[in-house]
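Data first, discussion second: the structure below is written as structure tokens.
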Number of protein chains: 2
Amino acid sequence: MAERRLAKGVRQERLRAELKRDPFITDEELAQKLAVSIQTIRLDRLELGIPEVRKRTRLLATEAFERVTSLNRNELFGELLALEPGKSGISMMLTTEEMVLSRRSVVRGHYLFFQANSLAVAVIPATAVLTRDAEVHYLAPVGVGEKLIAHATVVQVEGRHYRVEVKIRRGTEEVFRGVFVVVALEEQ
Amino acid sequence: MAERRLAKGVRQERLRAELKRDPFITDEELAQKLAVSIQTIRLDRLELGIPEVRKRTRLLATEAFERVTSLNRNELFGELLALEPGKSGISMMLTTEEMVLSRRSVVRGHYLFFQANSLAVAVIPATAVLTRDAEVHYLAPVGVGEKLIAHATVVQVEGRHYRVEVKIRRGTEEVFRGVFVVVALEEQ
DNA sequence: ACTGTTATTAGTATCTAGTACTAATTATAG
DNA sequence: CTATAATTAGTACTAGATACTAATAACAGT
């Protein structure tokens with residue numbers, strides 16, 4: 001592996017890369033991979049503000065656990081900013097690295113679809129809503145770290161069927177437009 | 001909390017419930033909650049085949065990490081069963097509990113959308129493909145533990161634009177139908 | 001009441017993967 | 001060469017166990 005002594009900065013970048021690849025690696029394993037002592041690894045972690053393996057593991061697990069419980073608890077993908085049941089709603093979603101295919105820089109389309117679809121469902125005044133049809137257009141690619149604001153408007157109601165139009169913007173630029181036909185199964 | 005000694009079976013059910021609510025709880029905390037010694041908690045865990053807190057945490061974190069990396073590593077959502085680049089493809093997805101809203105039994109629509117959309121992208125002979133438009137119809141609700149087979153067919157090609165029709169079936173029953181317009185950015 | 005069994009509690013030695021600290025050695029820059 | 005930064009080493013301690021031995025308490029059956 002590393003035959004010659006790496007400059008500190010280079011080694012610390014290597015350390016970051018290793019941890020990104022395998023968050024569960026121990027200091028001992030890192031020391032071997034980077035050909036330095038375990039104490040040096042620990043000094044590096046201290047300097048870089050990187051917690052120990054058990055803490056990192058706990059963080060990952062906690063995030064995952066909270067994501068599962070909060071996603072399943074809330075029907076909305078993203079944060080609700082405004083809501084007029086039966087009429088309109090606004091939600092905000094921040095794009096993260098997880099939403100991107102590795103080796104790419106564009107957020108995968110289904111995340112936008114779901115932000116839109118879940119908001120379209122959320123504006124319906126019913127406890128159980130099913131999507132029937134959707135027609136969507138992706139207008140521009142979206143990157144990581146972008147704040148997407150979705151606006152949903154109920155444009156038509158026929159009995160239990162609602163036609164909801166959703167537009168997603170990044171700043172003033174529209175990046176996604178969709179029309180969802182949803183059905184209210186149980187009115188509130 | 002528990003004032004009276006609980007029957008072993010009852011206590012073990014309580015222990016399960018506690019762990020489901022908080023997977024990160026220590027044996028010490030469990031001992032206090034269930035008013036028994038730490039040794040008894042450990043015997044219970046042994047008998048129930050429940051690993052220690054660090055192992056549980058590691059399991060949760062590993063699952064989460066692998067879910068994220070596999071989602072991002074694989075362009076396809078589900079398992080590819082057949083592929084004729086430029087023409088057609090078949091993929092299979094098994095629905096899991098995570099795909100369901102709590103208190104409900106129906107798989108959320110975006111999973112079907114994504115199975116279909118990712119297959120529509122996968123049949124295109126290009127290294128980078130973006131979805132432009134999609135028109136989809138949900139024909140029947142889908143439950144947990146169901147095997148969904150998606151068939152994608154390229155029905156039209158105009159330059160770099162492909163029109164792909166995707167049908168998802170559960171057995172012989174069609175549960176989803178969609179048409180995706182995708183653009184090949186970099187031909188293979 | 002007595003006896004055997006199950007359940008519970010307690011204690012000890014050891015493990016893993018560190019943290020926090022002191023101190024010595026090596027490498028580097030001026 | 002000297003001072004400083006970087007690296008290495010060692011010690012005491014922590015947390016949350018496992019694996020084991022052993023003692024005590026509770027319960028069931030006779």
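A note on names: the letters A, B, ... follow the listed sequences, proteins ahead of strands, and every chain is numbered from 1.
- Panel note: side chain B/Tyr138, backbone B/Gly109; a donor-acceptor pair is recorded below 3.5 Å.
- Under 4.0 angstrom from either OP1 or OP2 of D/dA6 there lies no side-chain N or O belonging to A/Arg11.
- Of the possible donor and acceptor atoms, none in the side chain of B/Glu18 sits under 3.5 Å from a partner among the backbone N and O of B/Lys33.
- Here A/Ile38 lies out of heavy-atom contact (under 4.0 Å) with every strand.
- Around atom CZ of B/Arg163, no more than 12 heavy atoms belonging to other residues, nucleotides or ligands sit under 6.0 Å away.
- Summarising the local packing, CD of B/Glu173 is surrounded by more than 12 heavy atoms from other residues, nucleotides or ligands at distances under 6.0 Å.
- No hydrogens or angles were tested; on distance alone, nothing pairs the side chain of A/Arg42 with the base of C/dT19 as donor and acceptor under 3.5 Å.
- With distances taken from any side-chain atom of B/Val53 to the nucleotides D/dT8, D/dT7, D/dG16, the minimum falls on D/dG16.
- Between the CG atom of A/Asp27 and the C1' atom of C/dT16 there is a distance of 12 Å, given to the nearest Å.
- To the nearest angstrom, P of C/dT8 lies 10 Å from CD1 of B/Ile41.
- Within the nucleic acid shown, B/Gln39 comes within 4.0 Å of at least one base atom, counting heavy atoms only.
- Following rounding to the nearest Å, A/Leu34 (CG) and D/dT7 (P) show an atom-to-atom distance of 11 Å.
- Nearest-nucleotide mapping onto DNA chain C: of B/Thr40 and A/Arg56, the residue sitting toward the 5' end is B/Thr40.
- When the P atom of C/dA7 is taken as reference, atom CG of B/Leu48 falls 13 Å away, rounded to whole Å.
- Projected onto DNA chain C by closest heavy-atom contact, B/Arg54 and B/Lys8 fall at different nucleotides, the more 5' of which corresponds to B/Lys8.
- Rounded to whole angstrom, the span from the CD1 atom of A/Ile25 across to the P atom of C/dT16 amounts to 17 Å.
- Ring to ring, A/Phe113 and A/Phe180 are close: their centroids are under 6.0 angstrom apart.
- Rounded to whole Å, atom C1' of C/dT8 lies 12 Å from atom CD of B/Glu47.
- With D/dG16, C/dG18, C/dT8 as the candidates, the nucleotide lying closest to the side chain of B/Thr26 is D/dG16.
- At whole-Å resolution of the value, CG in B/Leu43 and P in C/dG11 are 16 Å apart.
- In this entry the distance linking CG of A/Leu46 with C1' of C/dC21 reads 12 Å, nearest Å.
- For the pair A/Asp44 and B/Pro51, nearest-nucleotide mapping onto DNA chain D gives the more 5' position to A/Asp44.
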